[in-house]
Amino acid sequence: YAVVPGNYKWKTNQLTYRIENYTPDMSQAEVDSSIERALKVWADVTPLRFTRIYSGVADIMISFVIRDHGDGYPFDGPNGFLAHAFFPGTGIGGDAHFDDDESFTFSSSNGYNLFLVAAHEFGHALGLEHSGDPGALMYPTYSFRDVKTFVLPQDDVNGIQAIYGPNTEVPVDPEEPKPTAPVTPNACDPKLVLDAVTMLRGEMIFFKNGLFWRNQPQSYESEQHLIKSFWPQAPDNIDAAYESPSDDLVYLIKGQKVWAFYGYDIAKGFPKTLSSMGLPPKVKKISAALYDQETGKTLFFVNDRYYSYDETTKKMDKGYPKRVEDGFPGMTGKVTAAFQYRGFTYLYSGPRMFEFGYGRLLRVLNNNYFLPC
Amino acid sequence: GPVPPSIGKEEEDLAKNYLKKLYNMKEEHTRSARSTDHSVSEMSEKLREMQEFFGLKVTGTLDSETLEVMKKPRCGVPDVAA
């Protein structure tokens with residue numbers, strides 16, 4: 001996270017806001033609710049309290065405007081810049097402007113969700129700069145995330161609490177524990193257990209929680225992105241992923257559902273059920289999957305057993321499940337992620353990666369062998 | 001390997017506009033060779049800043065991945081302190 005240099009912060013914890021006008025994209029009640037919830041995101045973790053006023057000058061003046069709106073920072077029409085806000089201060093300080101050439105929405109993933117945009121802008125209005133953490137709300141680019149289950153990421157909590165301190169009035173209800181703030185996974189964590197790994201059009205993709213790293217083989221740098229910024233329809237916390245190069249599809253699996261994507265777009269007919277891929281109905285969850293280029297088979301791992309699926313005939317092979325150790329001698333633990341690269345098979349078990357080639361175990365490696373720290 | 005698509009004038013303008021608005025890149029006032037060299041190196045420097053912030057490969061040159069990030073919908077507040 002980053003805070004505004006120069007210690008720009010509100011001198012009081014009691015702040016006022018006013019909604020000066022409304023966007024025609026949503027009902028007034030939807031705008032009111034989105035703004036209220038966006039402020040609550042910050043009030044929940046700090047001593048800041050927000051009161052709405054209906055006339056006069058509020059600390060945070062909220063307006064929907066287009067193009068040149070008199071503050072020296074004109075908007076640019078649809079897409080591009082969605083909104084901006086001014087750091088704490090008198091006059092225009094703290095004010096938030098939304099580009100009304102955008103299509104704002106209340107809950108769906110189409111258009112730009114006003115709650116998410118507003119919560120980000122209010123972060124600026126309270127004294128936060130953009131964060132370089134791709135999982136943070138204060139990351140500068142917009143990506144949709146599930147609004148109903150939204151919890152302020154830990155990076156943003158750390159940032160705002162560095163300015164205003166924590167909320168000391170949080171009622172402790174043992175019946176309803178507070179959801180934990182999501183922490184962006186760190187590739188340098190030696191205990192990192194990846195959710196899934198796959199190749200995708202020549203790149204390696206490493207999934208963890210709601211994010212993934214993409215890395216070009218033999219590169220020392222990787223990019224981290226929210227899963228939903230690439231595939232808005234995809235779930236977080238996936239169980240397994242694999243690429244079918246012949247169909248140019250990448251499959252993401254969570255629970256008993258399978259999603260297939262062609263580039264950024266979901267393939268027709270997906271999500272499907274695991275059983276529609278031919279897996280027996282008793283299989284409720286798989287732990288890893290990989291596409292074997294040599295045989296044209298996809299292997300589905302269920303802990304220490306695996307099934308084989310023929311991509312050509314689109315049928316499961318007979319004689320499975322087998323014990324993983326039977327096909328991969330030396331692999332005794334649960335397989336948590338898997339992929340194949342340059343003819344070698346890599347099976348992950350927790351933070352360790354087992355390299356197989358020529359029918360035997362070659363090396364035991366750490367995550368950062370492929371995922372740069 | 002695949003050849004990256006070349007960057008057109010329109011996309012270069014988009015990048016310049018992006019860096020002026022968000023990375024405090026100065027306007028080019030004159031067309032002399034010396035000032036052009038200066039603006040190229042400033043653009044390269046600003047591109048480096050932007051690429052570093054977004055975790056992209058830091059090259060100082062406008063490549064397709066950098067452009068992809070520049071085209072994403074975003075907040076209009078600069079990523080760097082003025």
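Throughout, a chain's letter reflects where its sequence line sits, starting with A, and its residues are numbered from 1.
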Enquirer: Please give me the minimum heavy-atom distance between Ser131(A) and Phe53(B), naming the atom from each residue.
Expert: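 Smallest interatomic distance, heavy atoms only, reads O-CZ, 3.2 Å.
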Enquirer: Taking Val69(B), Asn17(B), Leu56(B) one by one, which has the highest count of heavy-atom pairs under 4.5 Å against chain A?
Expert: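 Highest number of heavy-atom pairs under 4.5 Å: Leu56(B).
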Enquirer: Write down the atom of Lys72(B), the atom of Thr141(A), and the distance for their closest heavy-atom approach.
Expert: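 What the structure gives for the nearest pair is CB-CG2, 3.9 Å.
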Enquirer: Tell me every residue that passes side chain to side chain donor-acceptor pair (under 3.5 Å) with Ser143(A), counting only those two or more places apart in sequence or in another chain.
Expert: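 Counting only residues at least two positions away or on another chain, Ser143(A) forms no side chain to side chain donor-acceptor pair (under 3.5 Å).
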Enquirer: Quick check: closest heavy atoms across Glu121(A) and Cys75(B), and the distance to 0.1 Å?
Expert: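 Minimum heavy-atom contact is OE2-SG, 3.2 Å.
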Enquirer: Can you check side chain to side chain contact (heavy atoms under 4.5 Å, CB included) on Val77(B) and Phe86(A), steps first, answer last?
Expert: CA-CA 8 Å; Val77(B) 171; Phe86(A) 294 84; over 6 Å; no
Enquirer: Is Phe230(A) atom CZ crowded by more than 12 heavy atoms from other residues, nucleotides or ligands, each under 6.0 Å away?
Expert: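 Yes, enclosed.
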Enquirer: Are Lys57(B) and Gln216(A) close enough that some pair of their side-chain heavy atoms sits under 4.5 Å apart?
Expert: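 Answer no - side chains too far apart.
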Enquirer: Quick one: pull up CD in Gln51(B) and CD in Glu223(A) and give me the separation to the nearest 0.5 Å.
Expert: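 Taking CD in Gln51(B) and CD in Glu223(A), the distance rounds to 10.5 Å.
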Enquirer: Checking Ala85(A) against chain B: side chain, backbone, both or neither under 4.5 Å from a heavy atom?
Expert: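 Looking at Ala85(A), just its backbone touches chain B.
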Enquirer: Just so I know, are the side chains of Phe54(B) and Pro134(A) near enough to count as touching, which here means a heavy-atom distance under 4.5 Å?
Expert: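 The answer is no, as the side chains (C-beta and beyond) never meet within the 4.5 Å cut-off.
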Enquirer: Can you tell which of Pro140(A), Ala83(A), Gly6(A) has the highest number of heavy-atom pairs within less than 4.5 Å of chain B?
Expert: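 So the answer, after comparing Pro140(A), Ala83(A), Gly6(A), is Pro140(A).
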Enquirer: What part of Lys71(B) gets closer than 4.5 Å to chain A, counting heavy atoms only: side chain, backbone, both or neither?
Expert: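 Nothing of Lys71(B), per the 4.5 Å heavy-atom cut-off to chain A.
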Enquirer: State, yes or no, whether a side-chain contact exists between His130(A) and Arg74(B) at a heavy-atom distance under 4.5 Å.
Expert: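 Side-chain contact under 4.5 Å: yes.
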Enquirer: Pick one of side chain, backbone, both or neither for Leu22(B), based on which atoms fall under 4.5 Å of a heavy atom in chain A.
Expert: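 Answer is side chain: those atoms of Leu22(B) sit under 4.5 Å from chain A.
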Enquirer: Look at atom CD of Glu52(B) and say whether more than 12 heavy atoms of other residues, nucleotides or ligands are closer to it than 6.0 Å.
Expert: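 Count not over threshold, so no.
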Enquirer: So which part of Arg214(A) gets closer than 4.5 Å to some heavy atom of chain B, the side chain, the backbone, both or neither?
Expert: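 For Arg214(A), the side chain is the part near chain B, not the backbone.
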Enquirer: Sort by residue number and list every member of residues 60-82 of chain A having a non-hydrogen atom under 4.5 Å from chain B.
Expert: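 Answer by number: Pro74(A), Gly80(A), Phe81(A), Leu82(A).
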